[in-house]
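In this text the structure is predicted, and so the values were computed from the model without any measurement. We use all heavy atoms of the structure for the numbers below, so side chains are in, but hydrogens, waters and symmetry mates are not.
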Amino acid sequence: MSGHSKWNNIQGRKNAQDAKRGKIFQKISREIYMAAKAGGPDLSTNPALRLVIDKAKSANMPNDNVDRAIKKATSAGESEHYDEITYEGYGPGGVAILVHTLTDNRNRTATNVRVTFNRNGGNLGETGSVNYLFDRKGYIAIEREGLSIDEDTLFEDVLEAGAEDMEILPEVFEIYTAPEDFVSVRDQLETNFTLAQAELTMVPQTTVSLDQEQQEKLDRLVERLEEDDDVSEVFTSAE
């Protein structure tokens, strides 16, 4: 994972996302709806729903919004449906980009994503052109400020919990897990630590260094993609 700081990317976009909180709630509601529709409303038997609700809590989404999405999904006769589609492409400086979408209109979403790439210095690729450059991982961040434990002891705890790796940054400890171990590792670490972030994500195998102009163009492309109502997540291989 060396060279890639997901925490820096998270913090870098946080203020912009705060300003779009209503749209974020709408997107998470779709994810809750799909998870509840597929696996039912019981969190103990539906881990996918639990993960999405954790995501909703991290975004400070009101409980009423969560409850409405679950109720809608489990209501008799409810037939709303969304398709999960991933688009792959390249951005400024050759950065690989994955765009995860949840849509009720494939043609609309495909057109919007293609236009956004073309207008912002990117190129939309074929299926499989970029996905192989990323690994699905569980990601957990623990802030270092106020933490009364040394790095070696924390690393031992992290490995004992079942994690694969830990990166040490000035502000946080970044912990990575196999996807299937994420929930177990997170639950174990939560008993002793306050987690600043915990999610399933896509981690680039190698990263691309950009100059300031290229970074600004990439930021603009990612921002435009995230503004689309159908786009749920965007991942890049930028450092």
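With rounding to the nearest 0.5 angstrom, the CZ atom of F193 is 5.0 Å from the CG atom of L154. Note that the CG atom of D157 and the CG atom of D152 stand 11.0 Å from one another [nearest 0.5 Å]. Put simply, OH on Y33 and CG on L102 are 10.5 Å apart, with the number rounded to the nearest 0.5 Å. One finds the CZ atom of F117 at 4.5 Å from the CD1 atom of I97 (value rounded to the nearest 0.5 Å). The line from CG of D229 to CG of N112 is 9.0 Å long, rounded to the nearest 0.5 Å.
The pair K137-D165 does not count as a salt bridge, with every side-chain nitrogen at least 4.0 angstrom from each carboxylate oxygen. The residues R220 and E223 are annotated as not salt-bridged, no charged nitrogen and carboxylate oxygen being separated by less than 4.0 angstrom. Using a 4.0 Å cut-off between charged nitrogen and carboxylate oxygen, R136 and E180 do not count as a salt-bridge pair.
The environment of CD in E190 is crowded: more than 12 heavy-atom neighbours from other residues, nucleotides or ligands sit within 6.0 Å.
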I70 and I53: side chain to side chain contact (heavy atoms under 4.5 Å, CB included), yes or no, with the steps? CA-CA 10 Å; I70 294 175; I53 289 179; 4.0 Å; yes
E156 vs I149, test: side chain to side chain contact (heavy atoms under 4.5 Å, CB included). Steps then yes/no. CA-CA 11 Å; E156 290 176 4; I149 186 173; over 6 Å; no
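The two atoms that bring L210 and A238 nearest to each other are CD1-CB, 4.2 Å, heavy atoms only. Shortest non-hydrogen contact noted between V130 and G89 is CG2-O, 3.3 Å. In plain terms, the two heavy atoms of E88 and G128 that are nearest each other are OE2-N, 2.8 Å.
No side-chain donor-acceptor contact under 3.5 Å links E31 to the backbone of V52.
Put simply, Y139 and L195 are part of two different groups of oily side chains (I, L, V, M, F, W, Y) that touch within less than 4.5 Å, one to the next.
Checking each of R106, R30, K23 against D230 for a salt bridge (Lys or Arg N to Asp or Glu O under 4.0 Å) leaves exactly one that passes, namely R30.
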